[in-house]
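Working notes for the structure below.
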Amino acid sequence: MPELPEVETVREGLSRWVTNRRVEAVEVRHPRAIRRHLAGAEHFAAVLAGRTILAACRRGKYLWLPLDSGDAVIGHLGMSGQLLVRPAGTADEIHLRIRFTFDDGGPELRFVDQRTFGGLSVSEGGATLPSEIAHIARDPMDPEFSDAGFVAAVRRRRTEIKRALLDQTLISGVGNIYADEALWRARLHGARPTDALTGPAITRLLGHVRDVLGEALKQGGTSFDALYVNVNGESGYFDRELNVYGREGLPCRHCGALVRREAFMNRSSFSCPRCQPRPRTPAPG
DNA sequence: AGAACTGCCTGACTGC
DNA sequence: TGCAGTCAGGCAGTTC
């Protein structure tokens, strides 16, 4: 599953392989892979044909490609999306949704997505920062991310700390997996009320978030083949060294207690019952 | 406005 | 073996 480290690796790959190339044509194989574009797939393709990609940028888990027209292509990988750079003529992937060809005849850019939770869209005038994703907060690896601003925003909220970590308007790039890992390192249960956490506690948690993302980014960077701008999400997932996520019933690496799994937002949270005791008072709401 | 909930998708897996 | 049900996940949209 592509999260911040994977998306950043994809961005680096796109920067290397598609920057300064001129799009010849765009083929949309699956209309659902085009988002927020009422004019339809044909119009989407027409707007992009002949445009040159100037860069590859990222905000949280979103990517965007500024074009020489001043517009931008926005991309989100969702759960299962991949952006692949493949030599022209390579056999189509089963879940190939969108194909970009370039007038230099070089490798194609392909959006491949099994579940089509992800997709591409065009942002008019969005080369600098598409308005569609302006609500997404900076990620904690961003030099302009404000630690103090994040701490203050979290303490103003009346919710649970894990929900706050997953709120992309507070901090971006953190998903279910990294939220659980950071909370485990901080020895905090995800149901802890945000407004009862001290500033130093939130600062410590933020440091763990940064560590987890940074370590995963290092690992993600090493496992990528140079020709591919993304890999199979599953292989990346299983390669990670996770301490609690997916380890239900296995011993906690801090204390040996058995990792528990709890229902959370129609999915799962993993934590150590001893290191991360549930708060005594439930969060408001 | 903030918080919570739902729908979007399909392949892998589980249990009967 | 086959089938139905469950799970995985981020985010846009909606509701309160």
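Below, read A as the first sequence line, B as the second, and so on, with proteins coming before strands; counting in each chain starts at 1.
Residues meeting the salt bridge (Lys or Arg N to Asp or Glu O under 4.0 Å) test with Lys162(A), sequence neighbours left out: Asp180(A). Residues meeting the side chain to side chain contact (heavy atoms under 4.5 Å, CB included) test with Ala46(A), sequence neighbours left out: none. Under the ring pair (Phe, Tyr, Trp, His ring centres under 6.0 Å) criterion, Trp64(A) pairs with no residue, sequence neighbours left out. Residues meeting the side chain to side chain contact (heavy atoms under 4.5 Å, CB included) test with His30(A), sequence neighbours left out: Arg32(A), Arg97(A), Thr116(A).
Both Arg163(A) and Arg97(A) sit near DNA chain B, but only Arg163(A) has its closest nucleotide nearer the 5' end.
Contact annotation: Gln168(A) reaches the phosphate of dC11(C) (side-chain N/O to OP1 or OP2, under 4.0 Å). Distances shorter than 4.0 Å separate some side-chain N or O of His76(A) from OP1 or OP2 on dC11(C). Not one side-chain nitrogen or oxygen of Arg157(A) sits closer than 4.0 Å to the OP1 or OP2 atom of dA1(B). Neither OP1 nor OP2 of dT10(B) sits under 4.0 Å from any side-chain N or O of Thr116(A).
Put simply, CD on Gln114(A) is 9 Å from P on dT10(B), counting in whole angstrom units. dA3(B) atom C1' lies 12 Å from atom CG of Leu170(A), rounded to whole Å. Across the protein-nucleic acid pair, Ile74(A) atom CD1 and dG10(C) atom C1' stand 16 Å apart, rounded to whole Å. Spacing between atom CG of Leu4(A) and atom C1' of dG10(C) amounts to 13 Å, rounded to whole angstrom units. What separates CZ of Phe117(A) from P of dT6(B) is a distance of 15 Å, to the nearest Å. Per the geometry, CZ belonging to Arg158(A) stands 9 Å off P belonging to dA3(B), to the nearest Å. Nucleotide dA3(B) holds its P atom 12 Å from the CD1 atom of Ile161(A), rounded to whole Å. The separation between Leu96(A) atom CG and dT10(B) atom C1' is 17 Å, rounded to whole Å.
The nucleotide whose nearest atom lies closest to any side-chain atom of His95(A) is, among dC11(C), dG11(B), dA8(C), dG11(B).
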Write out a two-atom table: protein N or O, nucleotide N or O from nucleotides 12-16 of chain C, distance below 3.5 Å.
| residue | atom | partner | partner atom | Å |
| --- | --- | --- | --- | --- |
| dA12(C) | OP1 | Tyr62(A) | OH | 2.1 |
| dA12(C) | OP2 | His135(A) | NE2 | 3.3 |

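Counting any heavy atom pair closer than 4.0 Å across all strands shown, Arg156(A) reaches no nucleic acid atom.
Applying the side-chain hydrogen bond (donor to acceptor under 3.5 Å, both in side chains) test to every pair with at least one member in residues 66-77 of chain A, sequence neighbours left out, gives these pairs: Arg51(A)-Asp68(A).
Cluster membership for Val154(A) and Leu206(A), using ILVMFWY side-chain heavy atoms within less than 4.5 angstrom, is shared.
In terms of polar N and O atoms assigned as donor or acceptor, the side chain of Arg115(A) comes within less than 3.5 Å of the base of dA8(C) in a complementary pairing.
Residue Glu124(A) qualifies as open at atom CD: its count of foreign heavy atoms under 6.0 Å is 12 or below.
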